[in-house]
Trainee: 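Below is the structure I would like to discuss, written out as structure tokens.
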Amino acid sequence: MGRFITRRLLLTIPVLIGASFLIFAMVYALPGDPIRALAGDRPLAPAVVAQLRAQYNLDDPFFVQYAKYVGGLLQGDFGTDFAGRPVLDTISQRLPVTVRLTIVAIVFEAVLGIAAGVLSGLRRNSFFDNLVLVSTTLLVSVPVFVFGFVAQYIFGYKFDLFPIAGINDGWYSYLLPGLVLASLSMAYVARLTRSAVSEAMAADYIRTARAKGVGYRRIVLRHALRNSMIPVVTFIGADIGALLGGAIVTESVFNLPGLGRAIFDAVQRQEGAVVVGIVTLMVFFYIFFNLVVDVLYALLDPRIRYE
């Protein structure tokens, strides 16, 4: 197990370099001049423009710019934005907001999605099963930003149950955006769990357990559910990275000052250092949680060994 984890961690180095290169190249290829965008309607003096372009290495060729960025990155320097603020300060300030939002979304996705999928899988073709199928189809069909505005109007404005913007109410402020962010993933988890549980309940080892007189609750929890969790855990682990990226839309709708909103603003201002730094961090999180999922496989299924 230790060798497997070490090998996976070493593989993150080329992945992070490749991800940062692709993101840096896409930001570099954006049309327009970031210095002109920084100046706004009033043009800057030529001397000031030349100083800013030299300060941010904008006159260097692409590969020279990237080499300088990676050199600073290896020293723990994520660069600075056009306001002179270190990108690392932006990340440290906005990361807790995105982490809290992702935690709430994962809780909704795991608890509601798995519960609905298990009950639906155990009661095939029942009213509850049909209700889960219809509701999950609706969640998959509706875009996240549309569902966000509808949730704001109904639960925030009409019934005044949740805050509709900002983080002034602590964790309570994250409930509604967390539910919106988790809506699509929750539907997939419910359907995936439903199919896995239904297939497991029809397996031979379940019939054998029933023939031996094992209790129904033990059959469901110890045998069917445990064997059904591997594909669900795989999806949830991979989905954490998607939730971090998907927070761009949710944070914009609910006006949350997280990493997603920072990426959106940085793309508009063409601040490559901010975009590359945050996206590289998200790629690291994605790789890390996939490693955690691989380790959980051995706990869910003793037949899986990493030797």
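Keep in mind that the numbers below use all heavy atoms, side chains included, and drop hydrogens, waters and symmetry copies.
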Trainee: Tell me whether the count of non-hydrogen atoms from other residues, nucleotides or ligands lying under 6.0 Å of CZ in R222 goes above 12.
Mentor: no
Trainee: From T102 OG1 over to L259 CG, what is the distance, rounded to the nearest 0.5 angstrom?
Mentor: 8.5 Å
Trainee: What about F21 and F62, are their ring centers closer than 6.0 Å?
Mentor: yes
Trainee: Should the heavy atoms of other residues, nucleotides or ligands under 6.0 Å from CZ of F128 be counted, would the total exceed 12?
Mentor: yes
Trainee: Please determine whether the number of non-hydrogen atoms from other residues, nucleotides or ligands lying under 6.0 Å from atom OH of Y153 exceeds 12.
Mentor: no
Trainee: Could you pull out the closest heavy-atom pair between A224 and S228, with the gap in Å?
Mentor: O-OG, 2.6 Å
Trainee: Spell out, as yes or no, whether a donor-acceptor pair under 3.5 Å connects the side chain of D89 to the backbone of R85.
Mentor: no
Trainee: Before you tell me yes or no, could you show the steps for I240 and F285 under side-chain contact (heavy atoms from CB on, under 4.5 Å), namely the whole-Å CA-CA distance, both residues' side-chain angles and the distance that decides it to 0.1 Å?
Mentor: CA-CA 8 Å; I240 294 178; F285 285 147; 6.0 Å; no
Trainee: May I ask you to decide if V180's main-chain N or O and S183's side chain share a donor-acceptor pair within less than 3.5 Å?
Mentor: yes
Trainee: Would you please test R210 and V214 for side-chain contact (heavy atoms from CB on, under 4.5 Å) and show each step?
Mentor: CA-CA 5 Å; R210 287 174 174 171; V214 180; over 6 Å; no
Trainee: Can you tell which of T193, L192, I236 makes a side-chain contact (heavy atoms from CB on, under 4.5 Å) with P231?
Mentor: L192
Trainee: Do any N or O atoms from the side chain of E251 and from the backbone of R261 form a donor-acceptor pair under 3.5 angstrom?
Mentor: yes
Trainee: Between the side chain of Q65 and the main-chain N/O of D60, is any donor-acceptor distance below 3.5 Å?
Mentor: yes
Trainee: Got a donor-acceptor contact below 3.5 angstrom from the S198 side chain to the R194 backbone?
Mentor: no
Trainee: Ignoring hydrogens and angles, tell me if any N or O in the side chain of Q93 forms a donor-acceptor pair with the backbone of G258 under 3.5 Å.
Mentor: no
Trainee: Flag the pair L225 / V118 as yes when at least one side-chain heavy-atom distance between them is below 4.5 Å, and no otherwise.
Mentor: yes
Trainee: Restricting to non-hydrogen atoms, name the atom on D169 and the atom on P163 that form the minimum distance, rounded to 0.1 Å.
Mentor: OD2-CG, 3.1 Å
Trainee: Please report the closest heavy-atom contact between F108 and M186, naming both atoms and the distance.
Mentor: O-SD, 3.5 Å
Trainee: Of I114, T136, V111, which meets side-chain contact (heavy atoms from CB on, under 4.5 Å) against V189?
Mentor: I114
Trainee: Just by distance, do the side chain of R207 and the backbone of A202 share a donor-acceptor pair under 3.5 Å?
Mentor: yes
Trainee: Using a 4.5 Å cut-off on heavy atoms from C-beta on, say whether the side chain of S252 contacts that of F145.
Mentor: no
Trainee: Does some side-chain heavy atom of P177 sit less than 4.5 Å from a side-chain heavy atom of L256?
Mentor: yes
Trainee: Quick one: closest heavy-atom pair of V275 and A266, and the distance?
Mentor: CG2-CB, 3.6 Å
Trainee: Quick check: closest heavy atoms across Y174 and I167, and the distance to 0.1 Å?
Mentor: OH-CG2, 3.5 Å
Trainee: Can V87 and T80 be said to form a side-chain contact (heavy atoms from CB on, under 4.5 Å), step by step?
Mentor: CA-CA 5 Å; V87 175; T80 57; 5.6 Å; no
Trainee: I want to check something: taking the side chain as every heavy atom from C-beta on, are L281 and Y286 in contact at a cut-off of under 4.5 Å?
Mentor: no
Trainee: Using the six-membered ring wherever Trp is involved, compare the ring planes of F162 and F155 and label them parallel, tilted or perpendicular (cut-offs 30° and 60°).
Mentor: perpendicular
Trainee: Using a distance-only test with no angle check, is there a side-chain donor-acceptor pair under 3.5 angstrom linking T137 and R191?
Mentor: yes
Trainee: Carefully, step by step, assess L122 and Y216 under the rule side-chain contact (heavy atoms from CB on, under 4.5 Å).
Mentor: CA-CA 11 Å; L122 295 176; Y216 181 76; 3.7 Å; yes
Trainee: Tell me the closest heavy-atom pair linking G148 and V253, and the distance in Å.
Mentor: C-CG1, 4.2 Å
Trainee: Roughly how far apart are F254 CZ and Q152 CD, rounded to 0.5 Å?
Mentor: 4.5 Å
